[in-house]
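The first residue in the sequence is number 1, and the count goes up from there. Hydrogens, waters and symmetry mates play no part in the numbers below; they use all other heavy atoms, side chains included.
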Amino acid sequence: MIQFLGRGVAGFALLLVSYIAVGGLMTAAGAPKARGQMVEIEPGRALRLVCEGPKSDRPVVWLESGAFGLAADWGAVQEALTAAGWRSCAYDRAGMGFSPPGPKPRDGLAIVYDFEKLIAVSGEPGPYILVGHSMAGLRLREFAGRNPDKVAGLVLADAAGPEAAQDPRMQSFINAFANISKWAARGASIGLYKPLVHTRLGDKIDLPPAAKAEKGWAFANGRHNRTAAEEVSLWAEASAQAGRQPPFDPKWPVAVVTAGPVAGREARKEMQAAPARRSEHGMIDHVEAATHTLLIGRRFADHIVRAVAFVAEARGKG
């Protein structure tokens, strides 16, 4: 998302569309059949969980989506991970996608508290390889700091860390993105996006059919967009919360995968690459042909799979 810094309101609007307009097929009956299962994380509260791939002695890969994201965002990556023999899990945060709302405010701590509970009841053994896209970089920092024994390594996919919010340009971006997100939530709430699901904006990620249908439904869903807007409005708070956690342990392997060319973005790319450079086992992959959203789609999913494999192999050397 940082690639839109400095492009003004039009750039922010385009960015928002890139996040929310990644839909697919939505049936006349409404929501498509959801993949995965609902998992109760505490009495009266459940989250939608999608785990795929064979169980083995390899670490389980947990996938955290960015702003306006849900488990569907990882459909292409999960498909590629399964083909490579990895087991992976993605989920819908409270109030997003198929998961019921959770306690407010939906700041970084609330999201990570839920994630901790979901992992605990999932039955999936740790420690885990944690993969986060975009704003999810904040969630991984928070989770890893609170649960170091559950971390096998990390993959940061065009991710934003808490340090980014200290950049004045990023602060301007966060404020503008939050304002646009509120308008997006209002538009979805009155049904404005339903006719757009099948337009050329319908799939910015490039998802497999089942995930595409889920994403299309969420794209036009008012509750999903309202929750997403609240999360974005609390970006600064979530950054401060994550920043109070220590940096990633240098012993943890860290793979950084970024989207877009390096030229002209050197400072931002270096900020993104910093966690890998601080690691004793770091990997940096700048995927210049990818956009922020396409990076986790079918065309470039193999880069995420290679990063996961690197982390697992480096962990064995540590």
Side-chain angles (χ1 to χ4, degrees), residues 1-3 51-54 56-66 69 71 73-90 124 126-141 143-144 150-161 205-207 247-262 265 268-318:
M1 67 175 55
I2 306 172
Q3 65 194 36
C51 290
E52 299 179 349
S56 69
D57 58 355
R58 290 175 164 183
V60 176
V61 181
W62 279 90
L63 305 155
E64 179 67 79
S65 58
D73 289 35
W74 294 106
V77 170
Q78 285 199 279
E79 188 176 80
L81 285 168
T82 297
W86 295 94
R87 183 163 179 79
S88 64
C89 296
E124 301 293 339
Y128 311 103
I129 295 176
L130 306 173
V131 182
H133 178 237
S134 191
M135 193 177 178
L138 303 178
R139 321 307 184 197
L140 298 197
R141 176 74 166 268
F143 178 86
K150 293 182 173 62
V151 180
L154 304 106
V155 176
L156 304 173
D158 218 35
I205 293 178
D206 185 23
L207 294 166
F248 297 134
D249 188 328
K251 292 184 172 57
W252 294 336
V254 176
V256 169
V257 185
T258 75
V262 175
R265 307 173 181 182
R268 176 173 58 81
K269 291 281 188 177
E270 190 56 36
M271 183 180 295
Q272 289 180 304
R277 296 200 189 283
R278 288 193 295 263
S279 172
E280 294 175 6
H281 301 282
M283 167 188 164
I284 300 169
D285 179 13
H286 297 304
V287 188
E288 298 203 356
T291 65
H292 183 70
T293 49
L294 285 176
L295 183 64
I296 58 173
R298 287 184 288 190
R299 182 178 172 188
F300 300 106
D302 59 312
H303 288 267
I304 308 300
V305 175
R306 287 199 293 269
V308 166
F310 167 84
V311 167
E313 183 179 355
R315 177 173 177 262
K317 297 176 180 178

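- Side-chain atoms of S56 and W86, non-hydrogen and from C-beta on, never get closer than 4.5 Å to each other.
- Between A255 and F310 the shortest heavy-atom distance is CB-CD2, 4.2 Å.
- F248 and L140 get closest at one heavy-atom pair: CE2-O, 3.9 Å.
- Taking every heavy atom of both residues into account, G297 and A76 meet most closely at C-CB, 3.5 Å.
- Proximity of a side-chain donor or acceptor of K269 to a complementary backbone N or O of A259 within less than 3.5 Å is detected.
- In this structure, R278 contributes its side chain and P250 its backbone to no donor-acceptor pair below 3.5 Å.
- The two residues I205 and L294 make their nearest non-hydrogen contact at O-CD2, 3.7 Å.
- Residues satisfying the salt bridge (charged side-chain N to carboxylate O under 4.0 Å, His left out) criterion with E79, sequence neighbours excluded, are absent altogether.
- Remark: S65 engages R93 in a side-chain hydrogen bond (donor to acceptor under 3.5 Å, both in side chains) (not counting sequence neighbours).
- Here CZ of R139 is found 7.0 Å from CD of E64. Values are rounded to the nearest 0.5 Å.
- Two residues are said to be in side-chain contact when any heavy atoms from C-beta on lie closer than 4.5 Å; R141 and P275 fail this criterion.
- A distance of 9.5 Å separates CD of Q78 from CZ of R87, quoted to the nearest 0.5 Å.
- You'll find the side chain of R277 reaches within 4.5 Å of the side chain of I284, heavy atoms only.
- Taking both residues in full, the closest heavy atoms of V254 and A276 are given as O-CB, 3.6 Å, listed atom of the first, atom of the second, then distance.
- In this structure, the ring pair (Phe, Tyr, Trp, His ring centres under 6.0 Å) partners of F143, at least two apart in sequence or on a different chain, are F115.
- With respect to T258, the side chain to side chain donor-acceptor pair (under 3.5 Å) criterion is satisfied by exactly one of H286, H292, H303, Q272: H286.
- Side-chain atoms of R58 come within 3.5 Å of backbone atoms of G85 as a donor-acceptor pair (strictly under, hydrogens ignored).
- Contact of the W62 side chain with the C89 side chain is registered, since non-hydrogen atoms from C-beta on lie closer than 4.5 Å.
- Residues that satisfy the side-chain hydrogen bond (donor to acceptor under 3.5 Å, both in side chains) test with R298, not counting sequence neighbours, are D206.
- Closest non-hydrogen pair, D73 versus L207, comes out as O-CD2, 3.6 Å.
- W252 is not listed as a side-chain neighbour of L130, based on a closest heavy-atom distance of 4.5 Å or more.
- For the pair V257 and F300, the minimum side-chain heavy-atom distance is 4.5 Å or more.
- E288 places a side-chain heavy atom less than 4.5 Å from the side chain of P261.
- Every residue two or more places apart in sequence or in another chain that forms a salt bridge (charged side-chain N to carboxylate O under 4.0 Å, His left out) with R306 is listed here: D302.
- Rounded to the nearest 0.5 angstrom, I296 CD1 and H133 NE2 are separated by 4.5 Å.
- The line from CG of L63 to CD1 of I304 is 9.0 Å long, rounded to the nearest 0.5 Å.
- In this structure, E313 and H281 have side chains that are not in contact, with every pair of non-hydrogen atoms separated by 4.5 Å or more.
- For E280, there are no side-chain hydrogen bond (donor to acceptor under 3.5 Å, both in side chains) partners at least two apart in sequence or on another chain.
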